[in-house]
Amino acid sequence: MSKKGYLYRYLLLIKKLKMNPYSSFEELQRYIDQQCTYLLLQDDRLSMGFSKRTLQRDIREIRMLFGLDIAYSHAQRGYHICESSAENRNFQRMMEAFDVFNSLNLAQDLAPYLHLEQRSAQGTEHLYSLLHAIKNRRCITFDYRKFWDETLSQRHLEPYALKEFKSRWYLLGKDIRDGRIKRFGLDRLTRLKISENRFVYPEDYNVQQSQRYCFGIMGATGDQPQEVVLSFVPFQGNYIKTLPLHPSQEILVDTSDELRIKLTVYPTQDLLMELLSYGPRLKVLAPEELVAQVKQAHQEAFNRYGI
DNA sequence: GGTATAAGTAATGAGCTGGA
DNA sequence: TCCAGCTCATTACTTATACC
């Protein structure tokens, strides 16, 4: 089966268990078959059903690739997504992306009714190959052009995970040259090759844990995560309540005058840029260093107008 | 350049055992 | 009784090579 085929099956399994928790093996098998017919998938092997043994392997791979735990309940006589996983925001986001993908697949003749955002290539053509390399523990090589540097450099990497931030995809992995875990934007990556060399996935590496206090793509700065307190005007606060800035977001005050929230994150440049984008609709209350940085940036912007 | 074939690799299923 | 997890054999797919 193609790489696309089995990844598709993983996502269909997750979707079925999300809609109908405690589905039996036979129900899962029937659903995959129906969806393949409905979506007119060309992969014959995918539409031929699959065995229990394959389902067991899929559950293991889904746990590894997506961080979702699927278990069998003897009491309910069916498979289900464990509660802690079902609340995972990444899981929700992934399923939304899957739905969009399916809809666009079906809507190829409906171009007159779709108005898509015009933007440059995001490097998503590498997603399948990279997921395949991560799943099969294969080292990769590619050419990379840094955002601030036009020269190309060849990289040798142990790929560990993929991360999305602001509609862009990033690869997380260990640079074999210096042993450090780094991030690479997929849109700046070319000549990707999956090598024959295998690597051992580090037991102590957990992508959810490593990104827990990160805002954006930049990793831990070496500092401890800080408590960032932000005060939004009510209008902006409504957006922030429906689209939280970070999984750690807690509401401290919610009145007709302000929405005050607390985040626990590393104070990165990505965070600063995000806070500045809210302009006068946001006041940073803590920590002091971040307040000073935001003040300085606004002052410099003010000075540029020569007022 | 296109096609046929071989070899290597990945995905899968069958059958078995252990455990809840 | 049924599921999880293991080994091993089979099948499908991919890639390289030879030939026309």
Side-chain angles (χ1 to χ4, degrees), chain A residues 1-86 88 91 94 98 101-102 105 124-143 154 156-162 171 173 176 189-203 206:
Chain A
M1 186 188 294
S2 66
K3 285 173 269 185
K4 184 177 172 179
Y6 63 70
L7 287 170
Y8 220 93
R9 194 181 60 226
Y10 296 166
L11 291 168
L12 285 172
L13 284 171
I14 295 168
K15 189 168 185 179
K16 170 67 176 170
L17 292 176
K18 185 188 170 196
M19 290 187 303
N20 304 102
Y22 305 109
S23 297
S24 67
F25 169 71
E26 287 74 21
E27 287 170 330
L28 291 171
Q29 199 177 33
R30 212 175 305 129
Y31 178 75
I32 298 279
D33 201 43
Q34 285 170 351
Q35 287 299 302
C36 290
T37 307
Y38 174 63
L39 295 171
L40 303 174
L41 287 187
Q42 300 301 311
D43 197 322
D44 291 339
R45 291 293 306 274
L46 190 59
S47 59
M48 277 167 55
F50 60 102
S51 69
K52 276 190 180 177
R53 183 69 192 100
T54 300
L55 174 64
Q56 288 167 10
R57 288 190 183 106
D58 288 354
I59 289 172
R60 191 186 61 190
E61 295 300 328
I62 288 168
R63 185 178 301 132
M64 191 202 84
L65 280 174
F66 305 126
L68 285 180
D69 280 326
I70 294 172
Y72 183 83
S73 164
H74 287 275
Q76 304 283 345
R77 300 175 70 84
Y79 294 89
H80 68 285
I81 297 170
C82 299
E83 274 186 29
S84 56
S85 297
N88 186 335
F91 161 73
M94 184 177 68
F98 182 53
F101 174 74
N102 278 342
N105 252 357
T124 50
E125 69 272 21
H126 301 306
L127 282 176
Y128 277 123
S129 298
L130 289 171
L131 276 173
H132 178 74
I134 294 168
K135 176 177 178 288
N136 291 290
R137 314 288 200 245
R138 295 293 191 113
C139 295
I140 57 172
T141 61
F142 56 86
D143 289 344
Q154 192 176 48
H156 302 270
L157 210 74
E158 292 180 1
Y160 292 165
L162 292 163
L171 169 66
I176 294 173
L189 183 155
T190 53
R191 284 166 38 94
L192 171 67
K193 286 183 187 165
I194 299 174
S195 131
E196 293 297 310
N197 300 333
R198 291 177 182 274
F199 66 89
V200 178
Y201 201 93
E203 288 181 9
N206 178 313

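Residue numbering restarts at 1 for every chain, and letters A, B, ... go by the order of the sequence lines.
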Specify the residue among R57(A) and K52(A) whose closest nucleotide of DNA chain C lies further upstream toward the 5′ end. K52(A)
F25(A) CZ to dC2(C) C1', straight-line distance once rounded to whole Å: 13 Å
I59(A) has an atom CD1; how far is it from atom C1' of dA11(B), in whole Å? 17 Å
Minimum heavy-atom distance C139(A)-P159(A), with the two atoms named: CA-CD, 4.2 Å
Measure the shortest side-chain to side-chain distance between Y79(A) and L13(A) over non-hydrogen atoms and say whether it is less than 4.5 angstrom. no
Whole-Å distance separating the OH atom of Y22(A) from the C1' atom of dC3(C): 16 Å
dA20(B) P sits how many Å from Y72(A) OH, rounded? 16 Å
Starting at atom CD of Q56(A), determine the distance to atom P of dC3(C), rounded to an integer number of angstrom. 9 Å
Closest heavy-atom pair and its distance - E27(A), Y22(A): OE1-O, 4.1 Å
